[in-house]
Novice: 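The structure's right below; bear with me while I get my questions together.
Both ligands and their constituent atoms are indexed starting at 1 by order of listing.
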Amino acid sequence: MTAGKGGNKVTSTVNSIDIPNIQRYHFEITVSGSSCNKYPAKQHARNVAARLGVTTGLIYLEGMPTVLAEDSDQPVPFRQRRYFYYLSGVDEPDCRLTYDIKSDTLTLYLPSYDLRHVIYNGQGLTPEDALHKYDIDQARYVDSLSSEIASWVQQHDLSSDIFVLHASQTPPSTNGARVDATRLQPVMDALRAIKDPYEIDMIRRANVISGLAHMEVLRHIGKMSNEAEIAGLFLNVCTAHGAPNQAYEIIAASGENAAVLHYIRNNQPFKNRQLVCLDAGAEYKCYASDVTRTFPLNPKGEWPSLEAQNIYRVVERMQEECIKRIKPGVRYAHLHVLAHRIAVEELLKLGILKGGTVEELLASGVSTSFFLHGLGHHIGLEVHDVSEKPIMAQDDGEVPSALAPTMMRSPCSLSAAPLEPGMIVTVEPGIYFSLAALQKAKTLPIAQYINFDVVERYLPVGGVRIEDDILVTPDGYENLTTAPKGDRALEIIRSSH
Ligand code: GLY
Ligand code: MN
């Protein structure tokens with residue numbers, strides 16, 4: 001462990017605590033070559049090598065290059081390649097990395113010095129800066145990459161593999177070495193599905209920022225009159241809290257627009273619409289949050305109609321019943337079916353569904369005309385994060401195929417592995433009144449189970465979705481999402497009036 005006297009130049013890493021009049025110190029703790037206060041790139045690299053099951057070889061990854069927009073001299077917004085980030089923690093363009101498995105050496109290659117770049121964009125990272133900032137063993141300018149690869153190949157006598165993600169991202173000067181473009185990605189997908197404490201912390205922070213932004217929207221919704229104001233305020237709060245990037249495009253869908261799952265126009269006046277479905281999540285240090293809240297547009301914080309309240313309560317029950325069952329070993333696909341069962345029970349009570357028992361209706365798949373998507377997905381470096389490639393379906397017959405639309409993602413898919421500690425999944429049931437889905441249903445045998453006259457009354461509700469990010473813990477779960485919902489959200493709207 002090393003402790004350096006930092007004086008005023010070095011900021012405390014615990015930046016939420018201000019200690020006036022006390023000299024600040026900067027602590028850097030190093031444990032067997034891996035630095036605790038940095039992104040745990042080295043540990044990730046070691047885990048990948050171990051899971052590849054090899055003791056020798058070279059992992060080579062290319063970071064995202066600078067890309068100009070078509071017919072323009074302006075770069076498109078930079079977004080780091082996630083597999084590269086996972087092994088480097090580097091969120092900068094034009095970098096590469098190698099990990100020599102046998103010598104356990106992680107090397108970062110930085111873009112070469114470019115005077116024009118320095119004049120326009122400022123001094124880029126030097127190898128010295130990079131060594132200080134990232135959990136790597138060596139840093140070089142990219143100019144030396146080709147000769148270093150050639151020398152590695154020569155030393156390894158063509159007997160070891162160079163592992164790459166895609167054949168199109170092969171290093172220079174491989175000189176006949178074996179390049180394996182198939183094994184790396186599935187290994188990294190499996191590892192990325194289980195989050196380590198650092199990653200959990202980032203997703204937790206992303207959720208806290210999203211929570212603050214959702215809260216601000218609730219406080220101001222009574223004075224707003226257009227979806228654009230919601231999206232603008234949300235982005236403003238996230239940016240001010242150190243999260244300028246969103247994990248996905250903000251969905252601020254009022255009234256019937258909420259029936260469009262990924263509605264991103266966000267420019268409609270509220271007029272006399274009832275509810276807004278706000279699906280918005282900050283990204284923090286490349287890690288996503290994914291949070292959906294649905295609440296009334298009226299400043300009194302009251303349910304605008306019995307129909308709106310009814311549907312909210314249905315979705316609330318779907319979410320609560322599913323979240324409370326989350327623990328290791330549970331098959332998420334079964335929760336997806338449970339959510340459908342609750343939807344069928346409740347929509348029968350409301351008279352929206354008719355003409356059969358719960359079992360008959362569930363087996364018919366009629367609820368997929370209202371609950372239009374999977375119950376959730378993994379979340380991490382991607383909002384819809386990767387996970388181990390599904391091993392072919394071990395369908396145990398408990399999941400009616402009518403409830404398994406092909407577009408469902410892992411962990412919703414029937415073939416997905418059971419939940420494990422360290423996974424973070426969303427639980428995001430919804431009930432929608434989508435004209436497109438209902439028109440389609442009218443042409444199918446399931447039409448017999450839908451009371452279209454009652455549905456007519458529910459059309460202005462548009463859609464209700466509630467979404468939280470849930471960490472699977474060794475003995476259950478922890479809800480990482482802090483944004484207010486349900487009665488608490490209504491209370492905030494009311495008290496801000
Ligand atoms: N929040 C957007 C989605 O999960 O698709
Ligand atoms: Mn989601």
Novice: Can you name the N/O/S atom of Glu428 that is nearest the Mn ion (ligand 2)?
Specialist: OE2
Novice: So, are Arg325 and Glu321 salt-bridged, with charged N and O less than 4.0 Å apart?
Specialist: yes
Novice: Assess, by modelled atom type and distance only, whether the side chains of His44 and Asp135 contain a donor and an acceptor separated by less than 3.5 Å.
Specialist: no
Novice: Whether Asp468 and Lys485 form a salt bridge (side-chain N of Lys/Arg under 4.0 Å from carboxylate O of Asp/Glu) is what I want to check.
Specialist: yes
Novice: Could you tell me which N, O or S atom of Glu467 is nearest to the Mn ion (ligand 2)?
Specialist: OE2
Novice: Which atoms of ligand 1 are found less than 4.0 Å from any heavy atom of Glu428?
Specialist: 4 (O)
Novice: At the 4.0 Å heavy-atom cut-off, does Glu467 count as touching ligand 1?
Specialist: yes
Novice: One thing to verify: whether Arg219 and Glu216 come together as a salt bridge, which I'm taking to mean a side-chain N less than 4.0 angstrom from a carboxylate O.
Specialist: yes
Novice: Below 6.0 angstrom between ring centroids: does that apply to His373 and Phe371?
Specialist: yes
Novice: Within ligand 1, which atoms have a heavy atom of His377 less than 4.0 Å away?
Specialist: 4 (O)
Novice: Below 3.5 angstrom, do we get any N/O pair linking Thr292 and ligand 1?
Specialist: no
Novice: I need the nearest protein heavy-atom contact for atom 2 (C) of ligand 1: residue, atom name and distance, please.
Specialist: Asp279 OD2, 3.5 Å
Novice: Near His262, which atoms of ligand 1 are under 4.0 Å from a heavy atom of that residue?
Specialist: 2 (C), 3 (C), 5 (O)
Novice: Are any of the side-chain nitrogens in Glu199 or Arg204 under 4.0 Å away from the carboxylate oxygens of its partner?
Specialist: no
Novice: Just give me the atom name: the N, O or S atom of Asp290 closest to the Mn ion (ligand 2).
Specialist: OD2
Novice: At what distance is the nearest protein heavy atom to atom 3 (C) of ligand 1, and which residue and atom is it?
Specialist: His384 NE2, 3.1 Å
Novice: Can we call the ring centroids of Tyr248 and His262 under 6.0 Å apart?
Specialist: no
Novice: Output the atom name for the N/O/S atom of His377 with the smallest distance to the Mn ion (ligand 2).
Specialist: NE2
Novice: Please name the pair of heavy atoms, one in Leu97 and one in Leu87, separated by the smallest distance, quoted to 0.1 Å.
Specialist: CD2-O, 3.5 Å
